Amino acid sequence: MPEGPSIIIMREAATRFRGKTVREVDGNSKLDLQRMRGRKVVGVRSWGKHFLLEFRGFSLRAHLLLFGSWLIDAEKAATPRLSLRFDNGTLNLYACSLKYIEGALDEAYDWRGDVMAPEWDPKLARTKLKRQPEVLVCDALLHQDVFAGVGNIIKNEVLFRIRVHPASTVGALPPRLLGKMIKDARDYSFQFLEWKKQYVLRQHWLVHNKGQCPNCGGKLTRQHMGTRNRRTFFCVRCQPLYPPPA
DNA sequence: ATTCATGTTGTGAT
DNA sequence: TATCACAACATGAA
């Protein structure tokens with residue numbers, strides 16, 4: 001469940017532990033998990049794909065990567081990476097990456113970079129993008145320093161919605177389209193969140209994991225692209241390349 | 001049974 | 001020193 005909107009759902013579910021004291025700790029993480037025992041959760045926050053449990057003086061950062069999952073007041077066969085028991089319930093995290101962040105979260109994170117945060121700053125995103133004009137838009141959208149929370153599904157859907165070929169370069173996008181990409185990264189993330197909450201996300205995918213263009217009916221191109229070679233779905237007819245090929 | 005995917009970090013080579 | 005390709009990790013659906 002790892003893109004930004006899924007972490008919002010996780011955060012909302014775990015908010016009930018804010019103000020509660022950790023009574024019992026378990027898990028197979030190599031971290032010193034017992035550090036949290038007896039400590040009070042002073043905040044349940046998130047930044048992009050990072051889920052954050054804030055204690056006084058430090059925080060736990062959980063990243064679900066590709067296969068991570070969580071359960072509240074429930075268990076599954078696997079050993080939890082971390083299990084926290086509170087007076088009002090238990091939080092179990094599986095197959096995730098855990099890390100402690102020392103000091104204040106406001107020092108560690110720039111909330112303006114999280115596409116789903118109230119502090120999200122589209123102008124700042126534009127400034128960052130202008131510094132890397134040669135980067136492909138399919139990479140730019142996945143760059144967590146610019147679009148924290150955006151993942152591969154959101155990338156594919158946003159590029160189709162704004163009708164931009166994934167191999168376009170950031171610098172070649174007309175300013176209006178660049179602005180649209182930045183705006184849609186946020187807007188679509190919230191749309192994703194609503195659909196996910198209703199369990200209807202998949203059926204609303206326009207190109208991700210699809211074979212046919214919903215716009216022109218043509219065959220979608222499916223290709224591994226970008227520096228990380230991520231699955232990319234697009235329509236060569238409806239999503240023009242910038243700059244246009246010679 | 002095998003492949004692959006909503007992701008990131010660390011390693012060793014260049 | 002810096003960059004880069006690849007390995008590693010971990011789970012479940014198709």
Side-chain angles (χ1 to χ4, degrees), chain A residues 1-13 26-31 33 46-52 59-71 74-83 92-101 108-109 113-116 131-132 134-161 166 184-211 220-234:
Chain A
M1 303 186 57
E3 298 192 33
S6 300
I7 305 306
I8 299 287
I9 293 171
M10 179 183 184
R11 187 192 72 203
E12 287 175 351
D26 204 350
N28 64 9
S29 167
K30 282 179 253 173
L31 280 190
L33 298 178
S46 66
W47 179 87
K49 299 164 190 170
H50 297 196
F51 171 82
L52 302 162
S59 296
L60 176 80
R61 185 208 75 177
H63 198 303
L64 267 34
L65 299 173
L66 214 46
F67 312 122
S69 62
W70 56 275
L71 289 171
E75 310 177 4
K76 55 183 189 176
T79 305
R81 174 100 344 122
L82 170 66
S83 179
N92 290 136
L93 307 185
Y94 302 88
C96 54
S97 161
L98 300 181
K99 188 182 159 185
Y100 285 123
I101 291 170
Y109 289 99
D114 178 349
V115 296
M116 303 198 71
R131 276 187 232 130
Q132 32 189 324
E134 73 295 342
V135 171
L136 304 187
V137 293
C138 63
D139 283 329
L141 277 168
L142 292 176
H143 202 217
Q144 300 299 296
D145 289 341
V146 182
F147 297 107
V150 170
N152 205 38
I153 297 173
I154 295 173
K155 173 200 82 179
N156 283 323
E157 294 296 312
V158 164
L159 289 176
F160 177 74
R161 293 161 77 98
D184 253 41
R186 176 174 170 91
D187 291 351
Y188 181 73
S189 292
F190 280 100
Q191 178 69 81
F192 181 123
L193 173 62
E194 289 316 307
W195 284 333
K196 182 102 190 170
K197 281 180 172 175
Q198 308 297 324
Y199 303 100
V200 294
L201 177 64
R202 270 161 198 271
Q203 67 196 62
H204 285 99
W205 287 345
L206 297 178
V207 291
H208 191 262
N209 258 350
K210 311 287 281 187
L220 289 176
T221 302
R222 168 194 186 140
Q223 198 176 300
H224 290 266
M225 283 185 42
T227 56
R228 288 282 115 202
N229 265 313
R230 303 288 244 107
R231 287 202 310 162
T232 305
F233 299 82
F234 60 100

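Numbered from 1 within each chain, the chains take letters A, B, ... in sequence-line order. What you see is a predicted model, and the numbers here were worked out from it, not measured in a lab.
The distance between atom CG of A/Asn209 and atom C1' of B/dA5, rounded to the nearest whole Å, is 9 Å. The interatomic distance linking A/Leu82 (CG) with C/dA10 (C1') rounds to 16 Å, in whole Å. One interatomic measurement links the two molecules: CG of A/Leu201 to P of B/dT6, which rounds to 12 Å at whole-angstrom precision. If you take NZ of A/Lys76 and C1' of C/dA10, they are 10 Å apart, rounded to a whole angstrom. Atom-to-atom, CD of A/Glu134 to P of C/dT3 comes out at 12 Å; the value is rounded to the nearest Å. Rounded to whole Å, atom C1' of B/dT6 lies 18 Å from atom NE2 of A/His204. Atom-to-atom, CH2 of A/Trp70 to C1' of C/dG12 comes out at 18 Å; the value is rounded to the nearest Å. A/Asn28 places its CG atom 13 Å from the C1' atom of C/dT11, with the value rounded to the nearest Å.
In this structure, A/Lys155 reaches neither bases nor backbone, as no heavy-atom distance under 4.0 Å exists between it and the strands shown.
No more than 12 heavy-atom neighbours from other residues, nucleotides or ligands sit within 6.0 angstrom of CD on A/Glu75.
Judged purely by atom type and a 3.5 angstrom limit, A/Glu3 uses its side chain to pair as donor or acceptor with the backbone of A/Ile153. Looking at A/Asn92, its side chain never comes within 3.5 Å of a backbone N or O of A/Pro80 through a donor-acceptor pair.
Among the candidates A/Asn156, A/Leu206, A/Asp187, the single residue satisfying the side-chain contact (heavy atoms from CB on, under 4.5 Å) test with A/Arg161 is A/Leu206. Shown are A/Asn152, A/Val207, A/Asp184; of these, the side-chain contact (heavy atoms from CB on, under 4.5 Å) with A/Glu157 is made only by A/Val207.
One side chain, A/Lys155 or A/Thr232, offers a donor N or O that lies under 3.5 Å from an acceptor on the other.
Cation-pi check for A/Lys76 over A/Tyr94 is met; the charged atom lies under 6.0 angstrom from the ring centroid and within 45 degrees of its normal.
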Under 3.5 Å between N/O atoms: give me all the protein pairs with nucleotides 7-14 of chain B, atom names plus distance.
from	atom 1	to	atom 2	distance (Å)
B/dG7	OP1	A/Lys49	NZ	3.0
B/dG7	OP1	A/Asn152	N	3.4
B/dG7	OP2	A/Asn152	N	3.2
B/dG7	OP2	A/Arg230	NH1	2.9
B/dG7	OP2	A/Arg230	NH2	2.1
B/dG7	O5'	A/Arg230	NH2	3.1
B/dT8	OP1	A/Lys49	NZ	3.4
B/dT8	OP1	A/His63	NE2	3.4
B/dT8	OP2	A/Lys49	NZ	3.3
B/dT9	O4	A/Arg228	NH1	3.4

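Annotated stems with DNA chain C as a participant read B:2-5 with C:11-14, B:7-14 with C:2-9, given as range with range, by first number; only runs of 3 or more Watson-Crick or G-U pairs under 3.5 Å qualify.
Spacing of P atoms, B/dC4 relative to C/dA7, comes out at 15 Å, to the nearest Å.
Between A/Ile9 and A/Trp70, the closest side-chain pair of non-hydrogen atoms falls below 4.5 Å. You'll find the side chain of A/Val137 reaches within 4.5 Å of the side chain of A/Leu159, heavy atoms only.
Comparing A/Arg202 and A/Ala95, the nucleotide of DNA chain C nearest to each residue sits closer to the 5' end for A/Ala95.
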